[in-house]
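In what follows, a structure is listed as structure tokens, so that the remarks can point back to it.
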Amino acid sequence: MAKNEDQNRFFIPALIGVALLLCCGTPAYVGYRMWADPKTKAGMEQAATAYLDALRDGDYPAAYALTCDSEREKYPLAEWTSYHDEPDIESYRITEVAIVDPSEGPTLYHVRAELRYADGKTALWHYNMADESGGWHVCYNTWVDPKTG
């Protein structure tokens with residue numbers, strides 16, 4: 001009987017702890033996300049806007065400075081610039097700022113923008129974002145096929 005009493009002594013408080021986490025922890029997490037996500041998205045949008053402004057203005061060193069560390073480690077400024085210097089961006093419009101929190105894997109942060117080029121053509125680009133020591137940075141970009149989204 002003493003063994004059952006010892007098991008019950010730890011089981012009931014553990015059960016109460018789990019119940020409290022479920023009842024209080026979930027609403028607390030949801031509340032935190034509702035408070036934090038708008039601030040995070042605003043920072044992401046500001047970084048993407050500064051990056052696209054620099055590209056549009058032809059200020060490649062400024063745009064390069066707004067890329068994440070891993071991009072700057074892969075490509076020196078001259079090589080990165082040659083990849084980004086054509087065609088000329090006339091204007092852009094941010095179409096989506098998203099935080100994707102899959103059940104498995106890391107949280108993903110991205111910004112999508114529709115770019116209008118000097119020749120009148122438009123393209124949708126997807127910019128993955130990273131929160132690094134100096135704030136949000138563009139980690140890499142990919143063209144989005146309008147047929148597949």
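Values below: all heavy atoms of this structure, side chains included; hydrogens, waters and symmetry mates excluded. Note that the structure is a prediction, hence the values are computed from the model and not measured.
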**Asked** Going only through I, L, V, M, F, W and Y residues with side-chain contacts under 4.5 Å, is there a path from Leu52 to Leu77?
**Response** yes
**Nearest heavy-atom neighbours spanning Ala48 and Ile94** = CB-CD1, 4.3 Å
**Message:** Measuring only between side-chain heavy atoms, which start at C-beta, is Asp53 closer than 4.5 Å to Tyr92?
**Reply:** yes
**Prompt:** Ring centres of Tyr127 and Tyr51 under 6.0 Å apart?
**Reply:** yes
Side chains of residues 129-139: which donor-acceptor pairs under 3.5 Å do they make with residues two or more places apart or in other chains?
residue : atom : partner : partner atom : Å
Glu132  : OE1  : Asp69   : N            : 3.1
Glu132  : OE2  : Asp69   : N            : 3.2
His137  : ND1  : Gly135  : O            : 2.9

**Asked** Could you state the interatomic distance from CD1 (Ile99) to OG1 (Thr40), rounded to the nearest 0.5 Å?
**Response** 5.0 Å
**Message:** Please report the interatomic distance CD(Glu71) to CG(Leu66), rounded to the nearest 0.5 Å.
**Reply:** 13.0 Å
**Asked** Rounded to the nearest 0.5 Å, how far does CD of Glu90 lie from CG of Leu115?
**Response** 11.0 Å
**Asked** Can you tell me how far the CZ atom of Arg116 sits from the CZ atom of Arg56, to the nearest 0.5 Å?
**Response** 14.0 Å
**Message:** Does any part of the side chain of Tyr109, heavy atoms only, come nearer than 4.5 Å to the side chain of Val100, both counted from C-beta?
**Reply:** no
**Request:** Output the distance between atom OH (Tyr117) and atom CD1 (Ile89), rounded to the nearest 0.5 Å.
**Result:** 5.5 Å
**Prompt:** Would a 4.5 Å heavy-atom cut-off, applied to side chains only, mark Tyr64 and Thr81 as touching?
**Reply:** no
**Under 3.5 Å donor-acceptor, Arg72 side chain and Pro76 backbone** = no
**Asked** Taking atom NE2 of His110 and atom OG1 of Thr142, what is their separation to the nearest 0.5 Å?
**Response** 9.5 Å
**Item:** disulfide bond (SG atoms under 2.5 Å apart) contacts touching residues 76-126 (sequence neighbours left out)
**Value:** none
**Prompt:** With a 4.5 Å limit on heavy-atom distance, are the side chains of His126 and Glu96 in contact?
**Reply:** no
